[in-house]
Amino acid sequence: MAPETERIPDDVVEEILVRLPVKPLTRFSRKKHRRNNHSLRDFRICLWNPSIRKFKIIEPEDKGFDDVAYGFAFHSQNNDFKFLRFGRSIMDGEPSSKGLLVHVYTLSIDSWSYLELQDITLVETPHYLFFNGALYHMAYSQNSKLILCFDVHDHNFWEIMLPQDYSNGLDLEFERLAVFKGSLALIAFGHQVCCIWEYGPVGSWTRTDIVLPPHVENFFGCTGSGQLVITNFSNQLFLFDPDSHNEINLGLEDLAPDEDLVPLVYTPNLIESLVLLNE
């Protein structure tokens, strides 16, 4: 029989905690609270159509599921919506070590379908992209980092390999998928510079290096004309034109100034729809 682990007395723990800085403790408390809520709450999705002011609450069939990433898409050919959940099944209280599972909800038939990704080990969250009928996520396989693509029409996955040395020697701070001037793009951000990699129809990448303003803090997407939607260190939203270097202050604040609160950022084109979500 293994020896019983000794437990630190409560009064000793209290003496240790009162000597620690307050900010890390409160941050730990918030994260622990969110983890507990995540593990205990019933996962539900609420779709809302602002055009007709109707909403629908979607209940997942499998609640014993550890979510790691999401995706939301509109199928323009049949006026339908898709919602993806990436994750692992919970076995004996722990996420399964097997490949990622994908739960796909289709609004038109009010039903879930299930897929398995054998060679994908991780899908990044919260940033993803919907473009030309497909969802794009940054993901990892056993051997490499890649772009995972999902066709919302036929439910097929495929992979796009990243360009070699896509950070171009940058001290990489973060990267985002975006639609840049009508093309799928990977934008790698460093200090006051970024590399915009545009993906061509024959599977090739084209690189453009851009000098950024010194106050860029985050990136949310691109306008149709190729302006970058960025935030500065004061959490204000700007448009930045990479050709003219002009900036336009939008007069809006960042969605998540708290570093512990990461928003689910998604920037598609606006499409008005009369889909009756509750029918």
Side-chain angles (χ1 to χ4, degrees), residues 69 71 73 122-141 143-151 158-252 254-256 262-271:
L122 179 65
V123 175
E124 289 189 352
T125 191
H127 304 278
Y128 65 94
L129 178 71
F130 175 60
F131 175 59
N132 277 356
L135 278 168
Y136 299 87
H137 288 80
M138 299 296 291
Y140 294 84
S141 68
N143 302 314
S144 62
K145 188 171 184 178
L146 50 88
I147 300 174
L148 180 66
C149 318
F150 175 75
D151 189 311
W158 76 96
E159 300 171 3
I160 296 177
M161 301 310 297
L162 298 178
Q164 291 186 352
D165 191 24
Y166 64 89
S167 63
N168 193 29
L170 296 176
D171 184 9
L172 188 64
E173 296 180 355
F174 61 92
E175 60 202 2
R176 297 287 187 270
L177 293 172
V179 178
F180 182 72
K181 296 182 178 180
S183 299
L184 173 67
L186 170 66
I187 308 183
F189 288 83
H191 178 63
Q192 289 190 243
V193 65
C194 72
C195 295
I196 301 179
W197 291 91
E198 298 177 64
Y199 188 69
V202 295
S204 60
W205 291 95
T206 303
R207 190 188 79 205
T208 303
D209 294 342
I210 304 295
V211 177
L212 297 171
H215 51 68
V216 173
E217 175 71 9
N218 207 344
F219 168 79
F220 289 97
C222 299
T223 67
S225 59
Q227 295 170 306
L228 308 185
V229 184
I230 60 176
T231 58
N232 61 14
F233 294 138
S234 299
N235 296 312
Q236 295 175 319
L237 281 168
F238 280 81
L239 294 182
F240 174 73
D241 190 319
D243 296 323
S244 66
H245 288 198
N246 290 335
E247 298 180 45
I248 301 175
N249 190 336
L250 297 178
L252 300 172
D254 186 353
L255 298 176
V262 181
L264 180 62
V265 178
Y266 179 48
T267 55
N269 295 327
L270 174 64
I271 301 174

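Please read these numbers as outputs of a predicted model, since none were measured by experiment.
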Original post:
Hey, what do you get for CG (Asn246) to CG (Leu239), rounding to the nearest 0.5 Å?
Top reply: 11.0 Å
**OP:** List the atom of Asn218, the atom of Arg176, and the distance in Å for their closest heavy-atom pair.
**Re:** OD1-NH2, 3.2 Å
Using atom types as modelled, flag every donor-acceptor pair under 3.5 Å from a side chain in residues 183-195 to any protein atom, sequence neighbours excluded.
none

Subject >> Separation between CZ of Phe219 and CD of Glu175, rounded to the nearest 0.5 Å >> reply: 12.0 Å
**OP:** Go through the steps to decide whether Phe180 and Thr208 satisfy the test side chain to side chain contact (heavy atoms under 4.5 Å, CB included), and finish with yes or no.
**Re:** CA-CA 11 Å; Phe180 182 72; Thr208 303; 5.7 Å; no
Original post:
Does any non-hydrogen side-chain atom of Phe131 lie less than 4.5 Å from one of Leu177?
Top reply: no
**OP:** Taking all non-hydrogen atoms of both residues into account, name the closest pair between Thr231 and Phe220 and its distance.
**Re:** CG2-CE1, 3.2 Å
Subject >> Minimal non-hydrogen separation, Pro214 against Phe233, with atom names >> reply: O-CE1, 3.6 Å
**OP:** With rounding to the nearest 0.5 Å, note down the distance linking CD1 in Ile160 to SG in Cys149.
**Re:** 3.5 Å
Subject >> Nearest atoms (heavy-atom pairs only) where Leu237 meets Asn249 >> reply: O-OD1, 3.4 Å
Subject >> From Leu129 atom CG to Leu135 atom CG, the distance as rounded to the nearest 0.5 Å >> reply: 8.0 Å
Original post:
So which heavy atom on Gly226 is nearest to which on Pro242, and how close?
Top reply: O-CD, 3.3 Å
Original post:
Would you say the ring centroid of Tyr128 lies under 6.0 angstrom from that of His137?
Top reply: yes
Subject >> Donor-acceptor contact below 3.5 Å, side chain Trp197 vs main chain Tyr166 >> reply: yes
**OP:** Would you check if Phe150 and Leu148 make a side-chain contact, meaning some heavy-atom pair closer than 4.5 Å?
**Re:** no
Subject >> Interatomic distance, Met161 atom CE to Trp205 atom CH2 [nearest 0.5 angstrom] >> reply: 10.5 Å
Subject >> Pairs involving residues 223-251, ordered by first then second residue, that meet salt bridge (Lys or Arg N to Asp or Glu O under 4.0 Å) (sequence neighbours left out) >> reply: Lys181-Asp243
Original post:
Does the side chain of Phe240 reach to within under 4.5 Å of the side chain of Val216, using non-hydrogen atoms?
Top reply: no
Subject >> Which residues share a side-chain hydrogen bond (donor to acceptor under 3.5 Å, both in side chains) with Ser204, sequence neighbours left out >> reply: none
Subject >> Atom of Cys222, atom of Leu228 and distance for their closest heavy-atom approach >> reply: SG-CD2, 3.7 Å
Original post:
Side chains of Glu124 and Lys145: closer than 4.5 Å at any heavy-atom pair?
Top reply: yes
Original post:
Which distance, rounded to the nearest 0.5 Å, do you find between the CD1 of Ile230 and the CD of Gln236?
Top reply: 11.5 Å
